[in-house]
Structure formats: structure tokens, C-alpha cells
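So the structure is just underneath, and the comments pick up after that.
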Amino acid sequence: QLRFAQACRYLVSGDTGLGADIAERSFEALAKVTTTWYQPSRFVHESCLMLISGTLGDHAEELAAGIVQPEHPSVPHLAAPAAALGFAQRGDTQRGHEIVSRWFAPPPRSWTRIQAIAYWAQVAMELGVPDPDWLRSQLITRAGQLAIVGAGADCGGAIDSLLAGLAWRLGRLDEAAGRAQAGLALETQVGSRIWITRTEKLIAQIEGAANPGSKVP
């Protein structure tokens with residue numbers, strides 16, 4: 001578990017090579033002592049690695065297949081938001097909407113729940129669905145934290161940044177602006193470049209919505 005946490009520290013800061021290597025050695029150790037948690041843990045790690053390395057869209061079809069033909073019964077509620085987000089990120093909004101329409105459901109209350117919620121929140125930021133207000137209600141008690149699943153898998157950066165994106169979708173621009181600044185501060189503190197870039201773009205979008213005459217990058 002400490003190795004997974006160590007891997008997360010490198011992954012959060014953008015060193016995906018070293019982080020993935022440490023995690024892989026952790027999985028080798030995990031396979032020797034248990035089979036119960038191996039497959040869901042593996043899916044969590046691999047899908048989060050896709051997210052932070054920017055390759056989720058490349059694996060969208062594979063993730064969608066995992067909804068209907070999962071390797072483990074715990075996978076579909078994670079594969080659905082991952083696939084929807086992958087399609088949205090690569091510009092296939094129709095497929096993203098189709099997956100939301102067919103497969104969205106409140107995820108079970110298990111150790112992986114935060115990943116499903118964080119991924120659905122990012123889908124809502126991109127597509128406007130699932131219901132941003134419901135997702136906001138699921139994340140609000142975690143404000144001030146990072147979206148970390150299990151012992152150490154980054155599934156979305158600062159919770160405040162996710163809340164900012166949902167508030168922006170809901171037209172609550174003052175709330176969105178405050179949350180985005182709080183999220184950016186935390187992401188800067190931990191050196192998470194991928195999420196810093198995401199949140200800076202979101203701040204520009206919020207400012208653009210608040211000042212329609214200005215140009216948004």
C-alpha cells in the first residue's frame with residue numbers, strides 16, 4: 001500500500017514513467033498475496049494512468065467493451081464513466097452522450113466510488129450530463145481534498161476544481177470562480193501540471209462567461 005502511495009506521488013507530479021514502474025512492482029507483490037482485490041485495483045490504476053497521461057480517448061472503445069464484458073463484476077460502474085470521458089475528450093460527444101444515457105447510475109458505496117463520481121463529474125464538465133447538481137452534492141463534503149481513489153490513484157485533481165466545473169455548468173459563476181482558485185492552489189502545491197493546465201483553462205472559461213465580450217483562449 002505504501003508503494004501505491006509512493007507511485008501516486010510521482011504520477012500526480014507528472015512523472016508517469018517512474019510512477020507506473022513503482023505501481024507495476026506493487027501489483028506483482030499484490031498478486032502473490034490476494035486475488036480478491038487484484039482486478040478492480042488493476043482497473044483503477046490503469047484507467048487513472050490513462051487519464052493523467054492523456055490517453056483515455058485512445059482506449060475509449062476498449063473501456064466501453066469492459067462495461068458489457070467485464071473481467072470482474074466491480075468493473076462496469078468504473079468502465080462506464082471512463083469510456084464516456086474518453087469519447088468526450090476525443091470529440092465524439094454522441095458516443096459520450098449514449099453511454100451516459102444508457103449506463104449512468106449512482107455508483108455503489110465501495111472504495112472505488114470516488115473514482116466513478118470524479119469521472120462522471122469530468123464527463124458533466126465536458127457534456128453537461130449526468131446531472132451536475134447531483135454530482136456536486138456527492139463531492140461537496142470532500143472540498144479541499146484531492147480526488148484520490150484507494151491508496152494512491154489520482155482520478156481528477158483537486159475536488160474544488162471539479163466542483164468549479166460543475167458550478168460553471170450550472171451557471172453559478174461566482175461559486176465556480178472561487179472553487180477554481182481553491183483547486184488551482186492545491187494543484188499548484190502538489191505540482192500537478194496536468195490539473196493546473198485544466199484548471200487554468202476552466203478559469204478562463206469562467207471569466208469568459210462572466211464577461212461575454214472578452215476573448216477566451
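Quick note: residue numbers are just sequence positions, from 1.
When all heavy atoms of A64 and I99 are compared, the closest pair comes out as CB-CD1, 4.4 Å. Considering every non-hydrogen atom in both I206 and A180, the closest pair reads CD1-CB, 4.1 Å. Annotation for V44 and A153: closest pair CG1-CB, 3.8 Å, computed over non-hydrogen atoms. Closest heavy-atom contact between V149 and C48: CG1-SG, 4.1 Å. Shown here for A118 and L162, the closest heavy-atom pair between the two residues is CB-CD1, 3.9 Å. Of all heavy-atom pairs spanning S161 and M125, the tightest one is O-CE, 4.3 Å.
In terms of the side chain to side chain donor-acceptor pair (under 3.5 Å) criterion, S192 has no residue partners (sequence neighbours excluded). For the side-chain contact (heavy atoms from CB on, under 4.5 Å) test, residues two or more places apart in sequence or in another chain that qualify with Q89 are L51, L56, L85, E126. Under the side-chain contact (heavy atoms from CB on, under 4.5 Å) criterion, T188 pairs with L184, I196, sequence neighbours left out. A search for side-chain contact (heavy atoms from CB on, under 4.5 Å) contacts involving V75 returns F43, P70, H72, A79, not counting sequence neighbours. Remark: H77 engages T112 in a side chain to side chain donor-acceptor pair (under 3.5 Å) (not counting sequence neighbours). Under the side-chain contact (heavy atoms from CB on, under 4.5 Å) criterion, A124 pairs with P130, P132, L135, L166, sequence neighbours left out.
Residue pairs meeting the ring-ring contact (aromatic ring centres under 6.0 Å, His included) criterion with at least one partner in residues 126-170, sequence neighbours excluded, are F104-W134. Among residue pairs with one or both ends in residues 104-123, none qualify as salt bridge (charged side-chain N to carboxylate O under 4.0 Å, His left out); sequence neighbours excluded. Within the structure, salt bridge (charged side-chain N to carboxylate O under 4.0 Å, His left out) pairs that include any residue of residues 127-146 comprise D133-R172, R136-E175 (at least two apart or interchain). Residue pairs meeting the salt bridge (charged side-chain N to carboxylate O under 4.0 Å, His left out) criterion with at least one partner in residues 52-62, sequence neighbours excluded, are E61-R90, E61-R95. Counting only residues at least two apart or on different chains, no salt bridge (charged side-chain N to carboxylate O under 4.0 Å, His left out) pair has a member in residues 144-154.
Between E98 and R102, none of the side-chain N atoms (NZ, or NE/NH1/NH2) sits under 4.0 Å from a carboxylate O, so this pair counts as no salt bridge. The pair R198-E187 meets the salt-bridge criterion, since a charged nitrogen lies less than 4.0 angstrom from a carboxylate oxygen.
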Q. Given the rule in the side chain to side chain contact (heavy atoms under 4.5 Å, CB included) test, do V129 and W120 qualify, once you have shown the distances and angles that lead to the verdict?
A. CA-CA 8 Å; V129 291; W120 282 127; over 6 Å; no
Q: Could you please spell out the steps behind the side chain to side chain contact (heavy atoms under 4.5 Å, CB included) verdict for L146 and I159?
A: CA-CA 6 Å; L146 293 170; I159 296 290; over 6 Å; no
Q: Test side chain to side chain contact (heavy atoms under 4.5 Å, CB included) on Q115 and S47 and set out the steps.
A: CA-CA 10 Å; Q115 181 178 349; S47 56; 2.8 Å; yes
Q) Hey, mind stepping through L163 and I140 against side chain to side chain contact (heavy atoms under 4.5 Å, CB included) and telling me if it holds? A) CA-CA 7 Å; L163 288 167; I140 194 70; 4.1 Å; yes
Q. Can you check side chain to side chain donor-acceptor pair (under 3.5 Å) on Q181 and T199, steps first, answer last?
A. CA-CA 8 Å; Q181 291 297 338; T199 305; over 6 Å; no
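Hydrophobic clustering, defined by side-chain heavy atoms of Ile, Leu, Val, Met, Phe, Trp and Tyr closer than 4.5 Å, leaves L170 isolated from every other such residue.
Side-chain N or O atoms of D160 include none that pairs as donor or acceptor with a backbone N or O of A143 at under 3.5 Å.
Side chains of F87 and L63 form no contact here, defined as non-hydrogen atoms less than 4.5 Å apart.
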